[in-house]
Protein chains: 2
Amino acid sequence: MMTFAEQFDRFAQLHLPAHLGDDAILRFRSLARPVDAARDVALGLDEGSDHLVFVSSGAIKLVAHASAGRNQVVAFHFPDELVVVPARAEHSYTLSTLRKSDLLVFDYASFADLARGDPAVLRSLLDTARSSLSRSREKSLTLGRKTATERLASFLVGMAHRIGVEREGLTFIDLPMSRRDIADSLGLTIETVSRQFTILRDLGIVRTVGKSGVQLVDLRALEARAGYLTEAA
Amino acid sequence: MMTFAEQFDRFAQLHLPAHLGDDAILRFRSLARPVDAARDVALGLDEGSDHLVFVSSGAIKLVAHASAGRNQVVAFHFPDELVVVPARAEHSYTLSTLRKSDLLVFDYASFADLARGDPAVLRSLLDTARSSLSRSREKSLTLGRKTATERLASFLVGMAHRIGVEREGLTFIDLPMSRRDIADSLGLTIETVSRQFTILRDLGIVRTVGKSGVQLVDLRALEARAGYLTEAA
DNA sequence: CGGCCTATTGATTAGCCTCAACCCACGTGG
DNA sequence: CCACGTGGGTTGAGGCTAATCAATAGGCCG
């Protein structure tokens, strides 16, 4: 549990330019609504407008909903990251916590209006949007054209970059999301995800530790199975 | 074939703020590189840096490449739209024309640097990125969780909004892309796309006219088959 | 009118999903 | 301290959707 001051300072340090005056910072600060949510909670955001959410601690998922109860995890986000949460469109979106999290919630329109006074803030927001766009496009390729094994391999490589830690020379990942979340992110079922874990484990490429731990024994082999384009065009 | 002046004026009108001074406009103008490409041409963009591409006329596709020659169409774009084309990352991207097109190509970094002087330009860029992000997230849901029929129905509804024209009270679409492009956009094969067209045709929901024409006879029925979430959460 | 490329249709196969049972880690309470 | 219960995860058998392989039809160009 972080204090609001700690959270906002961290946010300002990462997403607001250093040169910003005290009064400008205070205005942004007044827009921030702190949300301290337990594990596995859906945030009740107003679906009528866009939001910006800063992850101070914990981990979250952004989920899109289709008919018949089908869900697609559109993005996972981790501490220090800023997320653009869209209003309801053809489909509706839900933001949920994967574990106990401290968040700062902004109304997008207000934030953007305030940012109009400083190009650097907009530039930073634009960078956030662009990196989300890149990840989303990568996900399209994964969902549209990759096999189940490739999807899990791509997922693990991505998570290794984002939340992996070095341990005894190997990368270790403590996955905050359940098999269901992984399945909903990769467009598969939990059974298929489980089977792919078994395959990678039997090949000696990864080792699983409990329910959430994954040790990447052979990162090269994992990348080779991720379906990346190897040669230059 | 549009002149450079016509193209840039159109671009400026849509994506640059009205209040911009003449000298600032000239600086943006000096960054624009006109490209007049025939049908089905891959633009040779430097893969080492990001680009912005404005579509003056024609139609284009942004394609992501995986191993084994598998392609995923990540986005289609039409006249008056601005596209963010990323540098090579885990996968490489290609921008290709669907038909004869007039384009303006900008180096992203130069453009963004110049935009630093005017928040309104950045705001406009941010809006562009956000709408691309929204469409990409919708695509993730389609690719991850929808059946073949739902994918084609969603695709047709989307195209109706973007390039459909009213004709005799019905929406008519002249699709600039081939069945292969549609398949690569929906994560299916051309045969499956073709079969889904046959199904929708036999149901009396759409009528096909030649290879590229589609008449939406029953838009409601099409939307009902698109897998949208109907009730509010 | 002829040739070519794209689209459609058909038969079979493969990969993932569905349904079902079992296992295991963890938390609880006797 | 251990028996039990619970929920997530794994494993197995069979079915179904879309892919693959193959052949035909049809629009569009010269």
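Computed from heavy atoms alone, side chains included, the values below leave out hydrogens, waters and symmetry copies. This is a predicted model, so every value here is computed, not measured. Numbered from 1 within each chain, the chains take letters A, B, ... in sequence-line order.
Computed from coordinates, the Arg180(A) CZ to dC17(C) P distance equals 11 Å when rounded to whole Å. The distance from atom CD1 of Ile182(B) to atom C1' of dT8(C) is 14 Å, rounded to the nearest whole Å. Rounded to whole Å, the distance from CD1 on Ile199(B) to P on dG10(C) is 12 Å. At whole-Å resolution of the value, CZ in Arg145(A) and P in dC16(C) are 14 Å apart. What separates CZ of Arg201(A) from P of dC24(C) is a distance of 12 Å, to the nearest Å. Lys211(B) has its NZ atom 9 Å from the P atom of dT8(C), to the nearest Å. Counting to the nearest Å, the P atom of dT10(D) and the CG atom of Asp202(A) are 12 Å from each other. Regarding Leu152(B), its CG atom lies at a distance of 10 Å from the P atom of dT8(C), rounded to whole Å.
Ile190(B) comes within 4.0 angstrom of no nucleic acid atom, judged by non-hydrogen atoms across all strands. Residue contacts shown for Arg151(B) are absent, as no nucleic acid heavy atom lies under 4.0 Å away. Contacts of Gly187(A) with the nucleic acid, taken as non-hydrogen atoms under 4.0 Å apart, involve only primed sugar atoms and P, OP1 or OP2.
Using a 4.0 Å cut-off between charged side-chain N and carboxylate O, Glu150(A) and Arg145(A) make no salt bridge. Salt-bridge check for Asp184(A) with Arg70(A): failed, with every basic side-chain N at 4.0 Å or more from each acidic carboxylate O.
One can find a donor-acceptor pair under 3.5 Å joining the base of dC21(D) and the side-chain atoms of Glu191(B).
Closest to the side chain of Ala148(A), from the set dA18(D), dC16(C), dG9(D), is dC16(C). Among dA11(C), dG8(D), dG12(D), the nucleotide with an atom closest to any side-chain atom of Arg195(B) is dA11(C).
A centroid separation of 6.0 Å or more is found between the aromatic rings of Phe11(A) and Phe4(A).
For Ser178(A) and dG8(D), the shortest distance from a side-chain N or O to OP1 or OP2 is not below 4.0 Å. When the side-chain nitrogen and oxygen atoms of Ser194(B) are compared with OP1 and OP2 of dT8(C), one or more of them lie within a distance under 4.0 Å. Residue Thr198(B) has no polar side-chain atom (N or O) positioned under 4.0 Å from OP1 or OP2 of dT8(C). For Thr189(A), no side-chain nitrogen or oxygen approaches OP1 or OP2 of dC16(C) to under 4.0 Å.
Scored by the salt bridge (charged side-chain N to carboxylate O under 4.0 Å, His left out) test, Asp174(B) finds Arg99(B) as partners (sequence neighbours excluded).
For Leu200(A) against Leu156(A), the heavy-atom pair with the smallest separation is CD1-CD1, 4.0 Å.
Position along DNA chain D of the nearest nucleotide to Arg179(A) versus Lys146(B) favours Arg179(A) as the more 5'-ward residue.
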